[in-house]
Protein chains: 2
Amino acid sequence: MTNSRRGRSASAEDVAKLAGVSRASVSRVFSDQGNVARETREKILQAANELGYQVNFLAQGLNRKRSQLIGVVVARLSDPFRSSLLEGLLSEIQRKGYQALVTEVRDANELEMTIRRFTQFRVSGVVVTSGQPPADLVKECVQHNIPVVGINRHMDIPYVDFVCSDNKMAASLVAEQFIRCGCKSIGWLNYKESTWSGINRGKVFYQVMVEKGACDESDLLQITAEMDGYEGGRQAAHRFCEQGKIVDGVFCANAQLACGFLDGMRENGFDAPADFHIIGFDNTPQTAQYSYRLTTIHQDVLETAKRVLSRLEARGQDPHIVQSIEEIPVKLVIRNTSPNFEPTMIRAK
Amino acid sequence: MTNSRRGRSASAEDVAKLAGVSRASVSRVFSDQGNVARETREKILQAANELGYQVNFLAQGLNRKRSQLIGVVVARLSDPFRSSLLEGLLSEIQRKGYQALVTEVRDANELEMTIRRFTQFRVSGVVVTSGQPPADLVKECVQHNIPVVGINRHMDIPYVDFVCSDNKMAASLVAEQFIRCGCKSIGWLNYKESTWSGINRGKVFYQVMVEKGACDESDLLQITAEMDGYEGGRQAAHRFCEQGKIVDGVFCANAQLACGFLDGMRENGFDAPADFHIIGFDNTPQTAQYSYRLTTIHQDVLETAKRVLSRLEARGQDPHIVQSIEEIPVKLVIRNTSPNFEPTMIRAK
DNA sequence: CAAAACACTGAACACGTGTTCATTTTTTGA
DNA sequence: TCAAAAAATGAACACGTGTTCAGTGTTTTG
């Protein structure tokens, strides 16, 4: 009786009627726009409270031609780093008053369908955490004035911004650590069909190593995993040992590979840091655990998320600003698998 | 020129004009409702294709009083099981043609705000993967005819359905395994301020153990972790050893606690299965890895997700069906920390 | 062959909001 | 005190869809 006629939720019309004002004023109060006298505002708020009124976001979005939704494209959430990145994004999206529309995507075709559906919801922005945004789809977004931001990759697509962990900085930190520890023959472990960021990390790492004179071309050993993830790293280690190869230090494209490789080496009787140093990427919780204590590059997901939203809002304001590519600083977290040993202590075995 | 006037996306009106029919027919084609001649349908589809027309979901939802969104409440995605559960839900939600509106929630207050926002988007359903749905908020959903389903808990809220892993079955499987292995003094490890499902698992486990005569009251040892997650389990193990206690077999409320406890015991010189058996809950990827090889209860997240959506749709059709509480069968995955040993092999040390 | 059933179409309304524009009321400045 | 400026208000339109209802032409039925 006191509220919502016939189960339907109250509309601004109902509130206006009860408060004895026009619907326009109600709209003004709830969209915080235009002027409204303090007295009538209070009347309206009280009536709204009594009726349990809440703005209908669908109608609001229809009118404004823009919803307060943000589309997020994710993939392989089973990877701990991916899920922690999503966690950061969600946190920041909500803090800014938006709502996340999350879609998991497997192949490029699904990505196309997904982004198309995002536009149908008139999202305020699209965040692509994985996979390469197809050029024509992005063009469609630009036509609709929907900002697009990609994470941990950068490419030359006009009007699409990118936020990426600073792979060059990561490479430098790792190279310096290896040099400091006296590592001579260095390995780079990556998945055969890696992501853009994986490939880029390897490329930059190689450049930096040569730059610093830490190794000749022949010294940098490419270790290729046939599978991704923990199991891929482990099998790579087994193959590595079978072939009788040897390394001082290994840098891995991600945490999963690193843990797997370390365990695989252990199964073959080698351990870090006694026999070799190993450094991972992505400071996932697992790498900190007792069984691993992995020295690792730490990506700041919260800072990443903040930059992403900041870019979205900037381009939402003015769609024609120049493309921005931001690099987020990383840290080297020193743990057991590459401690601050004296050079002489390495290869003690 | 060929499409969308002035950057605005094409509307059904535009399509109708180009195809030389009324807007009503366009709507009929795209909502797959009512009759429309094959010939005109084709004209319309061609015109739509030419203009790149796509239904505006906001307008559609406004009219239908229901969007094709489904609200998902999550918490602590850093827990691998939580993220794999979300993965399953996303997959199923998309397969059914919906879109997931994901919100991470920390305290009960946030949960309230969140569900309220869900109703503002006129979602087709709400999935609560964590936290207790506040009774009055749920009442609000029921008033709006929005179905609500909770996961891994069940409570007596009218018109709210629950889907829960079969904790009784899990307890039986574990109890039988411990009995088969000749374990005598059993421990139950849980976080001090555990979730509903954690507490329930412990309660049911205790019941089953007594039922089967596997242990007296005095034999079941409650091990309480002061923190949640890996570190909590590890510290619990240290305290446990300090107090000089001893157990045959330990059952853990979740995988994180289990891994932590195992590592903690290892730091104290005890290992499984040589010194004790340990069985975890949630078959997360980590538990399968070389360093753990944890025997564990496996929850079927995909089946859970399927049931959830099935319940959502059922109650969407008829809001007044009786409350349904479904139990999803679980499996015991035998690995190294509680293998199929002969009874005599246990406690060999 | 008339009548009834059927397939198809378009005009008009409803959904709930934001916003413009003209109008009324209040405040300001001398 | 009065003109001018500022603030507050309400009527009306637009956003893009689904759906009802009446109307037209076409096929089936008895």
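Residue numbering restarts at 1 for every chain, and letters A, B, ... go by the order of the sequence lines.
Between S27(B) and the phosphate of dG18(D), there is a side-chain N or O to OP1/OP2 separation shorter than 4.0 Å. For S25(B) and dC8(C), the shortest distance from a side-chain N or O to OP1 or OP2 is not below 4.0 Å. OP1 or OP2 of dG10(C) has at least one side-chain nitrogen or oxygen of S22(B) nearer than 4.0 Å. Within the 4.0 Å cut-off from OP1 or OP2 of dG18(D), not a single side-chain nitrogen or oxygen of Q33(B) is found.
Rounded to an integer number of Å, the gap from F121(A) CZ to dC15(D) C1' is 17 Å. The CZ-P distance, from R38(A) to dT25(C), rounds to 21 Å in whole Å. Remark: C1' of dT9(C) and CZ of R41(B) are 14 Å apart, rounded to the nearest angstrom. Note: CZ (R122(B)) to C1' (dG18(D)) measures 17 Å, nearest angstrom. Going from atom CD of E13(A) over to atom P of dG10(D) covers 12 Å, rounded to whole Å. Going from atom CD of E39(A) over to atom P of dA7(D) covers 18 Å, rounded to whole Å. Taking atom CG of residue N35(B) and atom C1' of nucleotide dA22(D), one finds them 16 Å apart after rounding to whole Å. Across the protein-nucleic acid pair, K17(A) atom NZ and dG10(D) atom P stand 14 Å apart, rounded to whole Å.
In this structure, E42(B) pairs ionically with R38(B), as a charged nitrogen and a carboxylate oxygen lie closer than 4.0 Å. Using a cutoff of 4.0 Å between basic side-chain nitrogens and carboxylate oxygens, E303(A) and R307(A) are scored as salt-bridged.
Of the possible donor and acceptor atoms, none in the side chain of S324(B) sits under 3.5 Å from a partner among the backbone N and O of D161(B). Distance alone, capped at 3.5 Å, places no donor-acceptor pair between the R41(B) side chain and the V29(B) backbone. A donor-acceptor contact shorter than 3.5 Å is absent between the side chain of S84(A) and the backbone of S78(B).
Listed nucleotides dA7(C), dG10(D), dA8(D) differ in distance to A24(A); the shortest reach to its side chain belongs to dG10(D). Of the candidate nucleotides dA12(D), dT17(D), dG16(C), dA12(D) has the atom lying nearest to any side-chain atom of R23(A). Side-chain atoms of T40(A) lie closest to dT9(D) of the nucleotides dT9(D), dA11(C), dG18(C).
Residues E140(B) and T119(B) bring no donor and acceptor atom of their side chains to less than 3.5 Å of each other.
Sorted by first and then second residue, the pairs that involve residues 65-79 of chain B and meet salt bridge (Lys or Arg N to Asp or Glu O under 4.0 Å), not counting sequence neighbours, are R76(B)-D79(B), R76(B)-D228(B).
Within residues 53-67 of chain B, the residues that have a heavy atom under 4.0 Å from DNA chain C are, in order of number, L62(B), N63(B), K65(B).
Looking at R28(B), its side chain comes within 3.5 Å of the base of dG10(C) through a donor and an acceptor atom.
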